[in-house]
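Before any comments, here is the structure.
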Amino acid sequence: MKRYIFLIFSAIFFNIQYSLAQDDESYIECEDTCSHIHGLDLSHYQGEVFWEHVGANSKMAYVYLKATEGSTHIDKTYERNIELAHRYGLKVGSYHFFRPKTDLTKQLENFISQCRPGDQDLIPMIDIESTGGLKTEEFCDSLLKFINLVEKAYKQKPLLYTYTNFYNRHLVGKIDDYKLMIAQYSKEKPKLADGRDYTMWQYTAKGRINGINTYVDKSRFMGRHGMREIRFKHF
């Protein structure tokens, strides 16, 4: 009788877990159902990454690694991650989390201290998510000055990362000359208020992949866009 009750409860538990998995958007990964070029975005939040397993996944072509934030913060996993990502065959780029009220020259110096040209396969990326409490005009003035500093330092235009709503609220018409990675975690592709084209779409913050024990951000190229457009130019 006890064995019979145990089997019933086991079956119920399995069915509940299966239903939850089916409802989880990350249960079926985007790269399993399409032919786009996919990649990852990583920082210390993912903890220790087992790159030999990530590199064995041929569906992941690139990774953007958080290098720095503001004027002083350095991501503690950056040095290890960039070395091992290269070792296991991924194309690597680095990004800086922009703080609009922090000294711009010091932010650039912080980024340059980690994002060394010889280590880069992909153009640098600026992560733009906060106005820092500034009004849009003042925020954009700070941002554009920083973008210009990065562009001069690396002799190429950076990739700009932001969210759909943030772009529509603050950035329409301000950054038309730059390639975009747009974050929107839904099944629907992002639609920008000005209808402009964007290069990449970060489509989930709940991706799964062997070698990473937490959720991970995943992105992919849009339409005709591809890796050649974001290759780092070594002068």
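If you're wondering where the values come from, they're calculated on a predicted model, not measured in any experiment. Computed from heavy atoms alone, side chains included, the values below leave out hydrogens, waters and symmetry copies.
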Next on the checklist: If you compare all heavy atoms of A205 against all heavy atoms of Y215, which two are closest, and at what distance to 0.1 Å?
Outcome noted: O-CB, 3.4 Å
Item to check | Side-chain touch E151/Q156, heavy atoms, less than 4.5 angstrom | outcome: no
Item to check | Donor-acceptor under 3.5 Å (W201 side chain, M181 main chain) | outcome: no
Item to check | Side-chain (Y198) to main-chain (P190) donor-acceptor, under 3.5 angstrom | outcome: yes
Item to check | Nearest heavy-atom neighbours spanning L171 and C140 | outcome: CD2-SG, 4.1 Å
Checklist entry - Closest approach of K66 and S43, non-hydrogen atoms and distance? => result CB-CB, 3.7 Å
Checklist entry - Where do H86 and D121 land on the side-chain hydrogen bond (donor to acceptor under 3.5 Å, both in side chains) test, with the steps shown first? => result CA-CA 9 Å; H86 276 132; D121 301 306; 2.9 Å; yes
Checklist entry - Looking at L40 and K218, what are the two nearest heavy atoms and their distance? => result CD2-CG, 3.8 Å
Checklist entry - For F98, does its backbone N or O pair with a side-chain atom of Q107 as donor and acceptor, under 3.5 Å? => result no
Checklist entry - Does a side-chain heavy-atom distance below 4.5 Å link V49 with T77? => result no
Checklist entry - So do the side chains of I123 and E229 get within less than 4.5 Å of each other, counting heavy atoms only? => result no
Checklist entry - Under 3.5 Å, is there a donor-acceptor pair between the Q202 and Y161 side chains? => result yes
Checklist entry - Does a salt bridge link E83 with R80, judged by any charged N lying under 4.0 Å from a carboxylate O? => result no
Checklist entry - Just wondering, do I147 and I126 contact through their side chains at under 4.5 Å, heavy atoms? => result yes
Item to check | Minimum side-chain heavy-atom gap S71-N110 below 4.5 Å | outcome: no
Checklist entry - Which heavy atom of I112 sits nearest a heavy atom of Y154, and at what distance? => result CA-OH, 3.5 Å
Checklist outcome for this item: Which of I212, V54, I82 passes side-chain contact (heavy atoms from CB on, under 4.5 Å) with L42? It is I212
Next on the checklist: Can a donor-acceptor pair be found, under 3.5 Å and without considering hydrogens, that links the side chain of T68 to the backbone of I74?
Outcome noted: no
Next on the checklist: One thing to verify: whether R224 and D197 come together as a salt bridge, which I'm taking to mean a side-chain N less than 4.0 angstrom from a carboxylate O.
Outcome noted: yes
Item to check | Value rounded to 0.5 Å, distance of NZ in K135 from NE2 in H170 | outcome: 13.0 Å
Next on the checklist: Taking CG in N210 as the centre, count heavy atoms belonging to other residues, nucleotides or ligands within less than 6.0 Å. Is the count above 12?
Outcome noted: no
Checklist entry - Run the ring-ring contact (aromatic ring centres under 6.0 Å, His included) check on F139 and F166 step by step: do they pass? => result CA-CA 12 Å; F139 158 71; F166 194 90; 5.6 Å; yes
Next on the checklist: Under a plain distance cut-off of 3.5 Å, with no hydrogens placed, do S186 and E188 share a side-chain donor-acceptor pair?
Outcome noted: no
Next on the checklist: Within the structure provided, determine whether I230 and K179 are in side-chain contact (heavy-atom separation under 4.5 Å).
Outcome noted: yes
Next on the checklist: Please determine whether side-chain hydrogen bond (donor to acceptor under 3.5 Å, both in side chains) holds for the pair Y78 and S94, giving the CA-CA distance in whole Å, both sets of side-chain angles, and the decisive distance to 0.1 Å.
Outcome noted: CA-CA 9 Å; Y78 177 75; S94 305; 2.6 Å; yes
Item to check | Q46 side, atom CD; L65 side, atom CG - distance, nearest 0.5 Å | outcome: 10.0 Å
Next on the checklist: Is any side-chain heavy atom of D194 closer than 4.5 Å to one of D176?
Outcome noted: yes
Checklist entry - Is the closest basic N to carboxylate O distance between R87 and E52 below 4.0 Å? => result no
Next on the checklist: Run S219 and Y62 through side-chain hydrogen bond (donor to acceptor under 3.5 Å, both in side chains) and show every step you take.
Outcome noted: CA-CA 10 Å; S219 57; Y62 64 88; 2.6 Å; yes
Item to check | Whether H36 and H38 hold their rings parallel, tilted or perpendicular, with breakpoints at 30° and 60° | outcome: perpendicular
Item to check | Smallest separation among heavy atoms of L90 and G55, with atom names | outcome: CD1-CA, 3.7 Å
Item to check | Pairwise side-chain contact, Y185 with T164, heavy-atom cut-off 4.5 Å (strictly under) | outcome: no
Next on the checklist: Taking CZ in R169 as the centre, count heavy atoms belonging to other residues, nucleotides or ligands within less than 6.0 Å. Is the count above 12?
Outcome noted: no
Checklist entry - When the ring centroid of H96 is compared with that of F146, is the distance short of 6.0 Å? => result yes
Checklist entry - Would a distance-only check, ignoring hydrogens and angles, find a side-chain to backbone donor-acceptor pair under 3.5 Å from H234 to Q120? => result yes
Checklist entry - Do L180 and F221 share a hydrophobic cluster, counting only Ile, Leu, Val, Met, Phe, Trp and Tyr and linking them when any side-chain heavy atoms are less than 4.5 Å apart? => result yes
Item to check | More than 12 heavy atoms from other groups under 6.0 Å of NZ on K157 | outcome: yes
Checklist entry - Under the side-chain contact (heavy atoms from CB on, under 4.5 Å) criterion, do K206 and D217 qualify, and how do the steps go? => result CA-CA 6 Å; K206 291 187 174 182; D217 298 339; over 6 Å; no
